[in-house]
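Residue numbers begin at 1 in each chain, while the letters A, B, ... track the order of the sequences.
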Amino acid sequence: MSEERSLNFLEEIIENDIADGKNGGRVHTRFPPEPNGYLHIGHATSICLNFGLAKKYNGKCNLRFDDTNPVTEDTEYVDSIRNDIEWLGFTWDNEFYASDYFDQMYGFALTLIEKGLAYVDDSTAEEIAAMKGSTIAPGTDSPYRNRSIEENLQLFGEMRDGKYRDGEKTLRAKIDMAHPNLLLRDPLMYRIKHEHHHRTGDKWCIYPMYDFAHGQSDSIEEITHSICTLEFIHHRPLYNWFIEQLGIFPSHQYEFARRNLTYTVMSKRKLLQLVNEKHVSGWDDPRMPTVSGMRRRGYTAEAIRQFCDTIGIAKRENIVDIGMLEFCVREHLNKIANRVMAVLDPVKLVITNYPEGQEDIFIADNNPEDASAGTREIPFSREVWIEREDFMEVAAKKYFRLAPGNKVRLKNAYIVECTGCAKDDAGNITEVHCIYLPESKSGSDTSGLTVKGTIHWVSIPHAKTAEVRMYDRLFKVEDPANEEGDFKDHINPDSMHILPEVYIEPALAAAQPGDRVQFMRKGYFCVDTDSTPEHLVFNRTATLKDAWAKEVKRG
RNA sequence: AGUUCGAUGGUGUAACGGUAGCACCACAGACUCUGACUCUGUUAGUCUAGGUUCGAAUCCUAGUCGGACUACCA
């Protein structure tokens, strides 16, 4: 249980800080999503990290919406983000919004202007870009760089008061136009946007940029460990510069490498494209790597947390095999999902020596991994559906399912011996014939026989039907974002295959949306939110490992 | 080219100067009323070259390779 685990680099930093008495030994993190999209598996990593660290070190973790760009942000996203975090099993200590601090940030800006460290620039975006220089050439000072403090104060006030149009002026920090770090070449602090904000409404027409909002928000909340992804590493000097010049609480930023997944795209921009261009049904399409998509797919929060824990955290580039995620999902589902029988691609099996009109009721364990899951009744009769692939007219080598002369067990029922099949005029197999061994009844087997194969089935007169959506990976290639051309060219055309009518055992008729089961020998499935009592819909969450399929593939 | 971060089996991650370990994948076998689960075993790794040291994945130097940065996005 208390297996010894080594610390990741952030835990080491935190433990050192605690040992040094930094911040009085206090640990306070935050998860800072921008409400402009749904959370995905990458965010889940960050959530597990930030909330996990706070929990481990008896600290706190805030949820803070980084809502400084009213153009792309929306309350729809706020709601989904809150919901997803809760579903993942985390509770935030405070819910804040960067927009809560707009007044304070405005005051911070005034302070910097008064210290001669910020100025209003009339240059256009193009001019600013041109003056920025490049990685190998220094930038040039803006002609407005040396305005007086008084003039800057007045112009900035006028910016706030709406006297100027979008883009007409900006507020910039006065640092160093020749700095080797391009971010320190007089970065923009405020821009004008006459836009309605989802929380502040029309109160503001100037909005702070990320760099002048994030660190300040961290500081206001007295965040001790501000954890973000590697691409912000160049921002750290700027993060520190603002905090130092302002003399406010010294939050510190730490960076880790975001996790990438094979056969997946992760950027919000690309995910938005998939949604807008209808390649998927929405943000919660079961093929999406979003938290809501994975939830609808049937993934459990435990599995996702386990995955985040398993892949760990580091600072190097990575692309995690999606098989790792699928493994975690199967591992958890194996423990909790009840076993049921469903026939996806049916062919009729007739048990010729079983009397017409007779039936048996078998009692089956719901979950061999969990005795507390109980049992259920399964009706049996003379004609049952079996999978078409569970019969071969001529058995391949190592094939131990039904073939003339072969014996198999019908799961939870009898051992049957195949006697042949019937075909239509076109040569298609229409039914498979067999005889059963009455003394091989499940639970009271006196036949003394052991058979190599066991197959699932559903009694034809008792069968119910359901729609099943067979999901597969959304992309055909490992790293669609880095492939030649458009990432959408690599979408897997078979990522969803709908089976409109499969046969399920009657006990399943009462299944409710969100229920997770294992269709024995076929995979894990969950009841979709589209499902109704009249029309059940199952999503395939994950396949089972299939040693036979591998054998067939090998030839 | 500048700045900056990184480099351990196919993948992810440990080892903090002292036996390169764990998980996934792959492969082989055992078990099996799920060809599932479980169990056992196998293959396979320290970017390169120097140096320090009794001893280097770890420290130093040089190089190689990879990523990130040059949005009025975050």
Here the residues of residues 63-72 of chain A within 4.0 Å heavy-atom distance, strictly under, of RNA chain B are D66(A), T68(A), N69(A)
Phosphate OP1/OP2 of [N]: any [X] side-chain N/O under 4.0 Å:
X: R185(A); N: U70(B); result: no
X: R191(A); N: A74(B); result: yes
X: K550(A); N: C27(B); result: yes
X: R554(A); N: C27(B); result: yes
X: K545(A); N: C24(B); result: no

With heavy atoms under 4.0 Å as the rule, sort [X] into base, sugar-phosphate or nothing.
X: Y190(A); value: nothing
X: Y524(A); value: nothing
X: Y210(A); value: base
X: R401(A); value: base
X: E255(A); value: nothing
X: P368(A); value: base
X: L183(A); value: nothing
X: K398(A); value: base
X: H235(A); value: base
X: T229(A); value: nothing
X: Y207(A); value: nothing
X: R165(A); value: nothing
X: G523(A); value: nothing

If you measure from the [atom1] atom in [N] to the same atom in [M], how many Å do you get, rounded?
N: U70(B); M: U3(B); atom1: C1'; value: 11 Å
N: G10(B); M: C27(B); atom1: C1'; value: 13 Å
N: G12(B); M: A68(B); atom1: P; value: 16 Å
N: G9(B); M: U42(B); atom1: C1'; value: 14 Å
N: C47(B); M: U43(B); atom1: C1'; value: 22 Å
N: G63(B); M: U13(B); atom1: P; value: 27 Å
N: A1(B); M: G55(B); atom1: P; value: 37 Å
N: U52(B); M: U61(B); atom1: P; value: 15 Å

Could you pull out the protein-nucleic contacts involving nucleotides 3-12 of chain B (nitrogen or oxygen on both sides, under 3.5 Å)?
unit_1: U8(B); atom_1: OP2; unit_2: R316(A); atom_2: NH1; d: 3.2
unit_1: U8(B); atom_1: O4; unit_2: R316(A); atom_2: NH2; d: 3.2
unit_1: U11(B); atom_1: O3'; unit_2: I319(A); atom_2: O; d: 3.2
unit_1: U11(B); atom_1: O2'; unit_2: I319(A); atom_2: O; d: 3.2
unit_1: U11(B); atom_1: O2'; unit_2: D321(A); atom_2: N; d: 3.4
unit_1: G12(B); atom_1: OP1; unit_2: I319(A); atom_2: N; d: 3.1
unit_1: G12(B); atom_1: O3'; unit_2: R259(A); atom_2: NH2; d: 2.9
unit_1: G12(B); atom_1: O2'; unit_2: I311(A); atom_2: O; d: 2.7

Quick one: [X] [atom1] to [N] [atom2], roughly how many Å, whole number?
X: L182(A); N: C72(B); atom1: CG; atom2: P; value: 12 Å
X: I378(A); N: U34(B); atom1: CD1; atom2: C1'; value: 12 Å
X: N338(A); N: A36(B); atom1: CG; atom2: C1'; value: 15 Å
X: N412(A); N: U34(B); atom1: CG; atom2: C1'; value: 10 Å

Indicate, with yes or no, if the rings of Y299(A) and F307(A) have centres closer together than 6.0 Å.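 Centroid distance Y299(A)-F307(A): not below 6.0 Å, so no.
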Establish, from distance only, whether the side-chain atoms of [X] and [Y] form a donor-acceptor pair under 3.5 Å.
X: D186(A); Y: Y119(A); value: yes
X: S46(A); Y: N50(A); value: yes
X: N181(A); Y: H234(A); value: no
X: E76(A); Y: Y38(A); value: yes

For [X], give me all partners under side-chain hydrogen bond (donor to acceptor under 3.5 Å, both in side chains), at least two apart in sequence or on another chain.
X: Y239(A); answer: D218(A)
X: N482(A); answer: D479(A)
X: E439(A); answer: none
X: H196(A); answer: D202(A)

Here RNA chain B, pairs taken as Watson-Crick or G-U under 3.5 Å and shown with ( ), [ ] when crossing and | when to another strand, reads .((((((..((((....[..)))).(((((.......)))))....(((((..]....))))))))))).....
Looking at A98(A), is its backbone amide N or carbonyl O close enough to the side chain of D67(A) to form a donor-acceptor pair, meaning the two atoms are under 3.5 Å apart?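 Yes.
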Suppose we screen for side chain to side chain contact (heavy atoms under 4.5 Å, CB included). Which residues come up paired with S440(A), at least two apart in sequence or across chains? R409(A), Y414(A), I415(A), L437(A), D445(A), S447(A)
Could you pull out all residues at least two apart from D390(A) that satisfy side chain to side chain contact (heavy atoms under 4.5 Å, CB included)?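 Partners of D390(A) under the side chain to side chain contact (heavy atoms under 4.5 Å, CB included) test: E387(A), R401(A), I455(A), H456(A), R521(A).
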Kindly state each residue pair satisfying salt bridge (Lys or Arg N to Asp or Glu O under 4.0 Å) with at least one member in residues 159-177 of chain A, sequence neighbours excluded.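 Applying salt bridge (Lys or Arg N to Asp or Glu O under 4.0 Å) to every pair that reaches into residues 159-177 of chain A, excluding sequence neighbours, yields D121(A)-R172(A), D122(A)-K169(A), E158(A)-K163(A), R165(A)-E168(A).
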Residues pairing under salt bridge (Lys or Arg N to Asp or Glu O under 4.0 Å) where one sits in residues 541-555 of chain A, two or more places apart or in two chains, turn out to be K398(A)-E551(A)
Mapping F232(A) and G133(A) to their closest nucleotides on RNA chain B, which lands nearer the 5' end?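 Looking at the nearest nucleotide for each, G133(A) comes out on the 5' side.
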Taking donor-acceptor contacts at under 3.5 Å, does the side chain of T170(A) reach the base of C72(B)? no
Residues two or more places apart in sequence or in another chain: which of them pass salt bridge (Lys or Arg N to Asp or Glu O under 4.0 Å) with E417(A)? K407(A)
